[in-house]
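Encoded as structure tokens, the structure appears first; notes follow it.
Source: prediction; values computed, not measured.
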Amino acid sequence: MEEHFTIREAAESDAAALLDIYAPYIRDTAITFEYDVPTAEEFAARIADILKTHPYLVCEQDGKPVGYAYAHRIRERAAYDWAAELSIYLAPEAQGQGVGTALYQCLTDLLVLQQMRVLYGCVTLPNGKSQKLHEKLGFSLVGVWHGSGWKRNGWHDVGWFEKRIGACCIPQPVAPFEKLDRKKIQACLHRYTEKLNDGGLN
């Protein structure tokens, strides 16, 4: 039977399923610098908090979450309102199918609607898959924090990737994600769901 993908907004009820994807990254890799797997309740609270201000997306394959991505503030000072950091985690079975590309591009289009100007990806180095994804989608490596994180008995470098999506002018106020036009959000989700199912995003 042909597999079918759906990209949609995350909900607090997704917490357990998304933790199933995220937990191996915590336990087995240095891709995330988080040490301890959060509880489902803690993770649900994170989802709810992010959705107030930024998009948080889930990709399902035949009804099962196989990847998720979200954006969040990169710094707390008001001058950073137009900058966002993106994060993405995929289940092994979702890799190499265009899921990461679809989630990142959909996030980017939604952030454009919010009036964001610059996006960042923070990548523990080396991570060839993540580096390739960022470069494919127009991000440039702008700096490396050397030996900045200790995990799994070693120090790890962190690369910062940057992509500009807004004009260099006096900006419009950023619209919180929860205030965006729901029809525009749904249109974006539908567009990338269709692209992913058409196989054009690998």
Side-chain angles (χ1 to χ4, degrees), residues 5-26 29 31-34 38 43-61 63-74 83-114 116 118-124 127-139 158-163 165 176-178 180 184-197 200-202:
F5 292 99
T6 302
I7 296 175
R8 60 170 175 80
E9 287 182 61
E12 292 178 64
S13 57
D14 291 313
L18 301 191
L19 269 178
D20 285 343
I21 298 170
Y22 183 46
Y25 287 92
I26 299 174
T29 79
I31 288 174
T32 174
F33 282 176
E34 190 159 10
F43 207 76
R46 295 183 190 182
I47 294 170
D49 189 52
I50 288 171
L51 280 170
K52 295 174 184 176
T53 56
H54 293 78
Y56 200 129
L57 306 180
V58 173
C59 181
E60 293 181 333
Q61 187 173 20
K64 175 188 176 184
V66 293
Y68 67 96
Y70 60 93
H72 59 91
R73 292 185 67 92
I74 192 167
E85 181 182 342
L86 278 56
S87 296
I88 184 168
Y89 295 94
L90 303 180
E93 64 267 27
Q95 297 178 14
Q97 299 195 65
V99 173
T101 298
L103 285 170
Y104 244 49
Q105 289 184 333
C106 190
L107 269 183
T108 298
D109 284 4
L110 292 171
L111 291 163
V112 169
L113 291 176
Q114 289 186 257
M116 292 291 178
V118 60
L119 308 180
Y120 292 94
C122 178
V123 179
T124 305
N127 183 339
K129 291 179 180 179
S130 185
Q131 291 170 255
K132 183 178 178 180
L133 175 66
H134 283 87
E135 291 165 357
K136 172 185 175 181
L137 297 180
F139 287 75
V158 171
W160 284 93
F161 290 80
E162 179 186 82
K163 179 177 181 176
I165 61 172
F177 184 68
E178 65 180 2
L180 282 187
K184 291 182 178 180
I185 293 173
Q186 291 304 315
C188 185
L189 298 174
H190 177 74
R191 182 165 64 253
Y192 284 100
T193 291
E194 291 296 304
K195 288 185 177 183
L196 185 54
N197 284 306
L201 291 170
N202 289 313

For residues Tyr192 and Asp109, determine if any side-chain heavy atom of one lies less than 4.5 Å from a side-chain heavy atom of the other.
yes
To the closest 0.5 Å, what do you measure between CZ (Phe161) and CD (Gln131)?
5.0 Å
Atom OG1 of Thr101 and atom NZ of Lys136: how far apart are they, to the nearest 0.5 Å?
3.0 Å
Could you go through Tyr68 and Cys59, starting from their C-alpha distance and side-chain angles, then the distance that decides it, and tell me whether this counts as side chain to side chain contact (heavy atoms under 4.5 Å, CB included)?
CA-CA 6 Å; Tyr68 67 96; Cys59 181; over 6 Å; no
Expected output: side-chain Thr193 to main-chain Ile7 donor-acceptor under 3.5 Å:
yes
Do the non-hydrogen side-chain atoms of Thr124 and Ser130 ever get within less than 4.5 Å of each other?
no
To the nearest 0.5 Å, how far apart are CD in Gln105 and NZ in Lys195?
6.0 Å
Here the pair of heavy atoms bringing Ile47 nearest to Glu12 is CG2-N, 4.2 Å
Can you check whether His134 reaches Lys163 side chain to side chain, under 4.5 Å on heavy atoms?
no
Search all heavy atoms of Ala10 against all heavy atoms of Leu51 and return the closest pair with its distance.
O-CD1, 3.3 Å
side-chain contact (heavy atoms from CB on, under 4.5 Å) involving His72 - partner list, sequence neighbours excluded:
Tyr70, Glu85, Ser87
Over all heavy atoms of both residues, which pair between Pro176 and Gln114 is shortest? Give the atoms and the distance, please.
C-NE2, 3.8 Å
Could you grab the distance from atom CG of Leu86 to atom CG of Leu107, nearest 0.5 Å is fine?
5.0 Å
Between Val118 and Tyr120, is the side chain to side chain contact (heavy atoms under 4.5 Å, CB included) condition met? List the steps.
CA-CA 7 Å; Val118 60; Tyr120 292 94; 3.8 Å; yes
So Gln186 and Leu189, do their side chains get closer than 4.5 Å, heavy atoms only?
yes
Enter the distance from Phe177:CZ to Leu110:CG here, rounded to the nearest 0.5 Å.
5.5 Å
Residue pair Pro65 / Ala17: nearest heavy atoms and the distance that separates them
CG-CB, 3.9 Å
With a 4.5 Å limit on heavy-atom distance, are the side chains of Thr29 and Asn127 in contact?
no
To the nearest 0.5 Å, what is the distance between CZ on Arg8 and CG on Leu57?
10.0 Å
Would you check, one step at a time, whether the test side chain to side chain contact (heavy atoms under 4.5 Å, CB included) holds for Leu113 with Ile185?
CA-CA 9 Å; Leu113 291 176; Ile185 293 173; 5.5 Å; no
side-chain contact (heavy atoms from CB on, under 4.5 Å) with Leu119: of Leu137, Leu111, Ile74, only one passes, and it is Leu111
For a quick check under 3.5 Å, do Asp14 and Tyr56 share a side-chain donor-acceptor pair by atom type?
no
Would you say that Glu34 contacts Tyr25 through its side chain, given a criterion of any heavy-atom pair below 4.5 Å between the two side chains?
no
Which heavy atom in Gly121 sits nearest to a heavy atom in Phe139, and how many Å separate them?
N-CE2, 4.2 Å
What one should report as the nearest heavy-atom pair of Val99 and Leu90 is CG1-CD2, 3.6 Å
